[in-house]
Amino acid sequence: QVQLVESGGGLVQAGGSLRLSCAASGRTFSNYAMGWFRQAPGKERELVAVISRGGGYTYYPDNVKGRFTISRDNAKNTVYLQMNSLKPEDTAVYHCAANRGVLGSLQSGEYDYWGQGTQVTVSS
């Protein structure tokens, strides 16, 4: 089992920044690729970033590329999501998730463990 706890969400004005953190406990953190997903009310869950086990590979969909940065510190069992130039459409609950693969996955169904989420609200 891997337990994941997100933090760092909040209310921010459009154009602002937030840094989310996801602390992991349980099994060896470096054995898992990590992803950040988000879900807004009435919308499907959406991938926003993936990072490989060692951190050398990252992926972003076009709607966040250049604004969001995923990173990890395996010594601290933590993955981060730096979000800059936030837009109202970024408003959602953000979840981190762990995948047993090396590079991770673009599919939410392939993640094995999930955190409870942290709310991000961007005002216009």
Seminar exercise, completed: Quick note, side chain to side chain donor-acceptor pair (under 3.5 Å) partners involving residues 19-37, not counting sequence neighbours, are Gln3-Ser25
Output a table of donor-acceptor pairs, distance under 3.5 Å, between side-chain atoms of residues 112-124 and any protein atom two or more places apart or on a different chain; print 'none' if there are none.
residue: Asp112; atom: OD1; partner: Arg100; partner atom: NH1; Å: 2.9
residue: Asp112; atom: OD2; partner: Arg100; partner atom: N; Å: 3.1
residue: Tyr113; atom: OH; partner: Arg100; partner atom: NH2; Å: 3.3
residue: Thr118; atom: OG1; partner: Gly9; partner atom: N; Å: 3.2
residue: Gln119; atom: NE2; partner: Ala92; partner atom: O; Å: 3.4
residue: Gln119; atom: NE2; partner: Thr121; partner atom: OG1; Å: 3.3

Problem set entry | Residues which pass side-chain hydrogen bond (donor to acceptor under 3.5 Å, both in side chains) with Ser85, listed by chain and number, not counting sequence neighbours | none
Seminar exercise, completed: Across all chains, not counting sequence neighbours, the side-chain hydrogen bond (donor to acceptor under 3.5 Å, both in side chains) partners of Asp73 are none
Exercise. Any chain of hydrophobic side-chain contacts (each under 4.5 Å) joining Val5 to Leu81?
Worked result: no
Exercise. Is Tyr60 reachable from Val48 through a run of hydrophobic residues whose side-chain heavy atoms are each under 4.5 Å from the next?
Worked result: yes
For this session: Sequence neighbours left out, what passes salt bridge (Lys or Arg N to Asp or Glu O under 4.0 Å) with Glu46? Give chain and number order.
Result: Arg38
Problem set entry | Between CZ on residue Arg45 and NE2 on residue His95, distance to nearest 0.5 Å | 5.5 Å
For this session: For residues Arg72 and Ala33, report the shortest heavy-atom separation together with the two atoms involved.
Result: NH1-CA, 3.8 Å
For this session: Check step by step if side-chain contact (heavy atoms from CB on, under 4.5 Å) holds for Asn63 and Glu89.
Result: CA-CA 10 Å; Asn63 60 340; Glu89 51 263 43; over 6 Å; no
Exercise. With a 4.5 Å limit on heavy-atom distance, are the side chains of Leu4 and Met34 in contact?
Worked result: yes
Exercise. Partners of Lys65 by salt bridge (Lys or Arg N to Asp or Glu O under 4.0 Å), sequence neighbours excluded?
Worked result: Asp62
Exercise. Are Leu20 and Met83 close enough that some pair of their side-chain heavy atoms sits under 4.5 Å apart?
Worked result: yes
Exercise. Which residues pass the side-chain hydrogen bond (donor to acceptor under 3.5 Å, both in side chains) test with Ser105, sequence neighbours left out?
Worked result: Glu110
Exercise. Do Ile51 and Tyr80 have side chains that get closer than 4.5 Å, going by heavy atoms?
Worked result: no
For this session: For residues 29-68, pull every pair meeting disulfide (SG to SG under 2.5 Å), keeping only residues two or more places apart or in separate chains.
Result: none
Problem set entry | For Tyr94, ring-ring contact (aromatic ring centres under 6.0 Å, His included) partners two or more places apart | none
For this session: Please list all pairs passing the salt bridge (charged side-chain N to carboxylate O under 4.0 Å, His left out) test where one or both residues lie in residues 113-122, with sequence neighbours left out.
Result: none
Exercise. What pairs with Phe29 under ring-ring contact (aromatic ring centres under 6.0 Å, His included), at least two apart in sequence or on another chain?
Worked result: none
Seminar exercise, completed: Quick note, side chain to side chain donor-acceptor pair (under 3.5 Å) partners involving residues 48-59, not counting sequence neighbours, are none
Problem set entry | Distance (rounded to the nearest 0.5 Å) between Phe68 CZ and Leu18 CG | 9.0 Å
For this session: Kindly work out whether a path of hydrophobic side-chain contacts (I/L/V/M/F/W/Y, heavy atoms less than 4.5 Å apart) joins Val50 to Phe37.
Result: yes
Exercise. Within a strict 4.5 Å, meaning less than it, do heavy atoms of the Ile70 and Val79 side chains meet?
Worked result: yes
